[in-house]
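First up is the structure itself, then whatever we jot down about it.
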Amino acid sequence: MDRYLDSLKVGKSAMVDSWFMMSSPFPILTVVVLYLLFIRIGPRIMKNRPPLGINKLISYYNAAQVVLATMICIKVFKLNLFRDGILYAGCRYPSNTQNPMLLDLGWWYFFAKFTELLDTIFFVLRKKDKQLTFLHVYHHVIMALYSWSYLKFAAGGEGAILALLNSVVHVVMYSYYLLSGLGPRFQKYLWWKKYVTKMQLLQFVLMLLYCAWTHNSPRCQYASGFTYFIFINVTIFLILFLNFYYKNYKIKMDAKKEYEKTQNGVRTSKHTNGINDKNYKKENGVCSQVRNETDDVDDVPCEVNQACGDFMKDGKVFLSRRTASAAYGPNYDFDSIIKK
């Protein structure tokens, strides 16, 4: 117990303690508290304000996250963890290691989790409050606290393997965010959106298996408390992400299949009732546009460059300001039309 209390005071080494935000838990705890306060206060501040136009800033941020995650992957491979095979890759460095390359990797991983808190800040500033789910907030807070604690007290080879798995997924995920924010001309390249969530689910399964393997392997020497913590939280992540996947893909896909069978005499795959959703054509005053099945009208900008100005998605016709102006005259009240 005395050794444990001493470790909480000192950390792994004087080198780690001298790094940014690593001297004590107060800096990261302060950041987390301010983060949670901003989630509560931010939406109220933005309620009567227009969303900030920060798309260019977010594109730079997503690009930076791709570079950061890629750099972490490179640092893992520089440790030469896999010389004894994949199963024993994390066993090369025990939890009491002082290897400077591994500690440097741990700090950059913590820094990545620290900067990812900006995801939530951007959601609030853009008034995307529906994105502030329990899964989103819990994941960001726990990962920031865990990555700090693991570097401070128990950094080892096991954490390097988990960081590699997580960083590979983040390279793909932030690449998707980067492309989706560049405008409609890139939408045709984003058909793989649903596979990002599948990669995250696979990541959690592999993490659970690896934690179980290293915990029961006599060759691996890790702090058991951190292994249990990782296992429990990864299990929670897996459950929450499965629920997210079911709500966002399985239910929507089932509803789409049911809708495509028949609904009010309109089929989305055929030319029925004068509406064709396969081409840029104007039929019965409706302009139909091909859209990716994973597009979110709220999140993805739609470029309107057709004469009629409308577009269709999943059999629904979305009314543009241009068409409303033509139908109701130049002095129309667009907001009242939308409410109807």
Side-chain angles (χ1 to χ4, degrees), residues 4-5 7-12 16-46 52 54 57-58 61-62 64-65 68-69 72 95 103-155 158-159 162-163 165-167 169-170 173-174 177 200 203-204 207 223 225-241 243-244:
Y4 177 74
L5 293 175
S7 71
L8 292 179
K9 295 177 182 178
V10 179
K12 287 178 63 65
V16 170
D17 293 341
S18 67
W19 290 346
F20 175 65
M21 297 193 71
M22 296 304 302
S23 60
S24 75
F26 294 108
I28 186 61
L29 289 176
T30 300
V31 169
V32 168
V33 170
L34 292 175
Y35 169 82
L36 295 175
L37 286 175
F38 183 80
I39 292 174
R40 295 287 295 177
I41 299 173
R44 299 176 185 176
I45 296 175
M46 295 298 298
L52 297 184
I54 53 176
L57 173 63
I58 293 175
Y61 165 77
N62 290 330
Q65 289 298 333
L68 183 56
I72 291 172
S95 59
L103 296 178
D104 177 67
L105 165 68
W107 186 86
W108 281 107
Y109 185 72
F110 158 69
F111 182 72
K113 302 302 112 180
F114 171 71
T115 58
E116 285 169 15
L117 296 175
L118 289 172
D119 288 347
T120 311
I121 307 302
F122 292 146
F123 283 148
V124 173
L125 296 179
R126 297 172 64 210
K127 302 183 73 170
K128 301 288 185 179
D129 297 344
K130 69 175 184 178
Q131 305 286 354
L132 303 180
T133 62
F134 174 78
L135 166 61
H136 175 88
V137 176
Y138 176 80
H139 177 263
H140 279 68
V141 169
I142 288 296
M143 289 306 298
L145 295 176
Y146 155 73
S147 57
W148 184 94
S149 302
Y150 199 74
L151 172 61
K152 182 77 170 179
F153 306 118
E158 180 187 40
L162 300 181
L165 288 171
N166 186 242
S167 297
V169 172
H170 277 223
M173 182 180 73
Y174 280 102
Y177 293 154
Q200 290 173 313
Q203 164 202 203
F204 295 136
M207 285 180 172
F226 274 95
T227 301
Y228 294 143
F229 178 83
I230 294 169
F231 193 91
I232 291 172
N233 274 279
V234 171
T235 302
I236 293 173
F237 289 154
L238 181 60
I239 294 172
L240 292 175
F241 270 84
N243 181 61
F244 169 82

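Given the structure is predicted, the values throughout are model-derived calculations rather than measurements.
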Under 4.5 Å between any side-chain heavy atoms of Lys113 and Asn166, yes or no? yes
Report yes if the side chains of Phe241 and Gln203 come closer than 4.5 Å at any heavy-atom pair, otherwise no. no
Would Val16 and Trp107 count as a side-chain contact (heavy atoms from CB on, under 4.5 Å) if you check the C-alpha gap in whole Å, the side-chain angles of each, and the deciding distance to 0.1 Å? CA-CA 8 Å; Val16 170; Trp107 186 86; over 6 Å; no
Do Tyr109 and Leu151 have side-chain heavy atoms sitting under 4.5 Å apart? no
Side-chain donor/acceptor of His140 to backbone N/O of Glu116, under 3.5 Å: yes
Could you grab the distance from atom CD1 of Ile72 to atom CZ of Phe110, nearest 0.5 Å is fine? 12.0 Å
Check: Lys152 side chain, Ser23 main-chain N or O, donor-acceptor pair, under 3.5 Å: yes
Would you sort out whether Leu68 and Tyr174 count as a side-chain contact (heavy atoms from CB on, under 4.5 Å), showing the intermediate values? CA-CA 10 Å; Leu68 183 56; Tyr174 280 102; over 6 Å; no
Please test Gln131 against Thr120 for side-chain contact (heavy atoms from CB on, under 4.5 Å), starting from the C-alpha separation and ending with a verdict. CA-CA 8 Å; Gln131 305 286 354; Thr120 311; over 6 Å; no
Test your reading of the model: is there a side-chain donor-acceptor pair from His136 to the backbone of Leu132, 3.5 Å cut-off? no
Got a second to check how far Thr115's OG1 is from Gln65's CD, nearest 0.5 Å? 4.0 Å
Please report the interatomic distance CD(Gln200) to CZ(Phe244), rounded to the nearest 0.5 Å. 7.5 Å
Could you tell me whether the side chain of Tyr61 reaches within less than 4.5 Å of the side chain of Tyr177, counting heavy atoms only? no
In short, Met207 meets Leu162 closest at the heavy-atom pair CE-O, 3.5 Å
Under the criterion side-chain contact (heavy atoms from CB on, under 4.5 Å), I'd like the reasoning laid out for Tyr146 against Asn233: C-alpha separation, chi angles, the key distance, then a yes or no. CA-CA 10 Å; Tyr146 155 73; Asn233 274 279; over 6 Å; no
Might you point out which heavy atoms bring Ser24 and Pro27 nearest each other, and give the distance in Å? O-CD, 3.1 Å
Hey, are the side chains of Leu52 and Phe122 touching, using non-hydrogen atoms and a 4.5 Å cut-off? no
With rounding to the nearest 0.5 angstrom, report the CG to CG distance, Leu240 to Asn243. 7.0 Å
Shortest non-hydrogen pair, Leu103 vs Trp19, comes out as O-CZ3, 3.4 Å
Looking at CZ of Phe123 and CD1 of Ile58, how far apart are the two atoms once the value is rounded to the nearest 0.5 Å? 8.5 Å
Can you tell me if Tyr150 uses its side chain to pair, donor with acceptor, with the backbone of Gly159 under 3.5 Å? yes
So does Leu29 get a backbone contact from the side chain of Trp148, meaning a donor-acceptor N/O pair under 3.5 Å? no
Ile142 side chain near Phe237 side chain, heavy-atom distance below 4.5 Å: yes
Spatial distance of atom CD1 (Ile239) from atom CG (Leu135) [nearest 0.5 Å]: 12.0 Å
